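Heavy-atom basis, side chains included; hydrogens, waters and symmetry copies ignored. Please read these numbers as outputs of a predicted model, since none were measured by experiment.
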Amino acid sequence: SGATAYPVHAPGDTSVVFAWPGAFHPVRVYAEATGELPVNVTNGLQLWANALHCNEISFAIVTDSASADIIVRNPIFMPPLPASGAFLADSVGACKGRTDVLVDSSNTLLRPIRAYVAPNSIDPAALASCYHFVTAHELGHAIGLFSHSPDPNDLMNSTPRRTELSINDRYTVQLLYHLIPYTRPSAR
């Protein structure tokens, strides 16, 4: 098909490979009720769900962050970096994204995964566009695409510029959700 898969493991640690197991479906996602964030989260989740053909993942938006598997926030400034496990994105200066994924010494992913999309510009049009694709990019990390694509045409490139998934993004997430991951999520 011409698609190329990119790595899915955590940078520098090939033992950290994660996909949400069926017992966690639907994956519960909380989107902070700020501006267009809930709409961008819903649209981003739909992109990833549509990339999979056999219902390998499903999502439910929840209104209580305490019950969420993934929490997405839109702070004015990025919170301090965690000691480890952060994946960063910067979309041509308009906004920044980060997803914090913590994996303990027993290779268990500690829930919830936290994703942030924060402004880095005062241009409303650039910011709105940036929020759209950086939110989808950060959700890609939250569903298990822990590495960045080297191809600038992929949504999962470290400087995302796409509003939809590339053929490589779709192929990579399909491969991920047909692997037996090494990393399991902590119990609900």
Side-chain angles (χ1 to χ4, degrees), residues 1-14 16-20 27 29 31 35-59 70 72-74 78 81 85-101 113-179 181-183:
S1 70
T4 302
Y6 45 82
V8 295
H9 58 76
D13 190 346
T14 58
V16 178
V17 176
F18 175 76
W20 287 99
V27 177
V29 181
E36 294 296 312
L37 186 65
V39 170
N40 287 334
V41 167
T42 299
N43 292 341
L45 294 172
Q46 194 64 53
L47 280 176
W48 291 110
N50 288 347
L52 298 162
H53 302 295
C54 300
N55 298 319
E56 293 93 342
I57 193 165
S58 62
F59 303 100
I70 300 169
V72 186
R73 297 200 184 276
N74 182 214
M78 281 290 178
L81 281 169
F87 305 104
L88 306 169
D90 180 357
S91 186
V92 199
C95 69
K96 293 181 177 186
R98 188 178 92 212
T99 301
D100 297 346
V101 176
I113 292 174
R114 296 178 186 278
Y116 306 94
V117 182
N120 200 36
S121 171
I122 58 170
D123 178 347
L127 201 52
S129 176
C130 182
Y131 278 167
H132 176 74
F133 47 84
V134 170
T135 301
H137 172 99
E138 296 308 324
L139 289 167
H141 287 314
I143 66 168
L145 297 172
F146 290 166
S147 290
H148 284 123
S149 167
D151 187 335
N153 295 311
D154 295 340
L155 179 67
M156 291 309 294
N157 183 267
S158 62
T159 306
R161 296 181 181 103
R162 295 185 59 93
T163 57
E164 53 191 54
L165 303 182
S166 70
I167 190 171
N168 297 337
D169 293 317
R170 289 189 304 273
Y171 182 58
T172 303
V173 76
Q174 288 169 10
L175 287 175
L176 172 62
Y177 274 80
H178 289 96
L179 293 173
Y182 307 121
T183 307

Inset, instruction - Could you grab the distance from atom CG of Asp100 to atom CG of Leu81, nearest 0.5 Å is fine? - result: 7.5 Å
Legend entry - Minimal non-hydrogen separation, Ile70 against Ala142, with atom names: CD1-CB, 3.7 Å
Inset, instruction - Measure up the His148 and His141 rings against each other and bin them: parallel (under 30°), tilted (30 to 60°), perpendicular (over 60°). - result: perpendicular
Inset, instruction - Measure the spacing between CZ of Arg170 and NE2 of His53 and express it to the nearest 0.5 Å. - result: 8.0 Å
Inset, instruction - Please report the shortest heavy-atom distance between Tyr182 and Thr14, naming the atom on each side. - result: CE1-O, 3.5 Å
Inset, instruction - Could you check if a side-chain atom of Pro152 sits within less than 4.5 angstrom of a side-chain atom of Thr159, using non-hydrogen atoms only? - result: no
Legend entry - Any donor-acceptor pair under 3.5 Å from Thr99 side chain to Ala115 backbone: no
Legend entry - Reported CZ-to-CG distance for the pair Phe59 and Leu139, which is rounded to 0.5 angstrom: 7.5 Å
Inset, instruction - Report the distance from atom SG of Cys95 to atom NE2 of His132, rounding to the nearest 0.5 Å. - result: 11.5 Å
Legend entry - Arg162 side-chain N/O to Asn153 backbone N/O, donor-acceptor pair under 3.5 Å: yes
Inset, instruction - Looking only at non-hydrogen atoms, find the nearest pair between Ala5 and Tyr171 and report the distance. - result: N-CD2, 3.6 Å
Inset, instruction - Working to the nearest 0.5 Å, report the span between OG of Ser158 and NE2 of His137. - result: 7.5 Å
Legend entry - Nearest non-hydrogen partners of Ala51 and Leu165, listed with the distance: CB-CD1, 3.6 Å
Legend entry - Close side-chain approach of Leu145 and Trp48, heavy atoms under 4.5 Å: yes
Inset, instruction - Please name the pair of heavy atoms, one in Pro160 and one in Val134, separated by the smallest distance, quoted to 0.1 Å. - result: CG-CG2, 4.0 Å
Inset, instruction - Check whether any side-chain heavy atom of Tyr6 sits under 4.5 Å from a side-chain heavy atom of Asn157, and report yes or no. - result: no
Legend entry - Pairwise side-chain contact, Asn168 with Ser166, heavy-atom cut-off 4.5 Å (strictly under): yes
Inset, instruction - Of all the heavy-atom pairs spanning Ser147 and Ala10, show the shortest one and how long it is. - result: OG-C, 4.4 Å
Legend entry - Sidechain-backbone polar pair: Asp154 side chain, Met156 backbone, donor-acceptor under 3.5 Å: no
Inset, instruction - Would you check if the side chain of Trp20 reaches a backbone N or O of Ser58 as a donor-acceptor pair within less than 3.5 Å? - result: no
Inset, instruction - Drop me the distance from Tyr116's OH to Glu138's CD, to the nearest 0.5 angstrom. - result: 11.0 Å
Inset, instruction - Evaluate the side-chain proximity of Val27 to Ile143: yes if any heavy-atom separation is below 4.5 Å, no if none is. - result: no
Name every donor-acceptor pair, under 3.5 Å, that has one atom in a side chain of residues 36-47 and the other anywhere in the protein, sequence neighbours excluded.
unit_1: Thr42; atom_1: OG1; unit_2: Pro38; atom_2: O; d: 3.0
unit_1: Asn43; atom_1: ND2; unit_2: Val39; atom_2: O; d: 3.4
unit_1: Gln46; atom_1: NE2; unit_2: Asn50; atom_2: OD1; d: 2.8

Legend entry - Any Phe146 side-chain heavy atom under 4.5 Å of Val16 side chain: yes
Legend entry - Tyr131 vs Asn74, side chain to side chain contact (heavy atoms under 4.5 Å, CB included): CA-CA, chis, key distance, verdict: CA-CA 9 Å; Tyr131 278 167; Asn74 182 214; 3.3 Å; yes
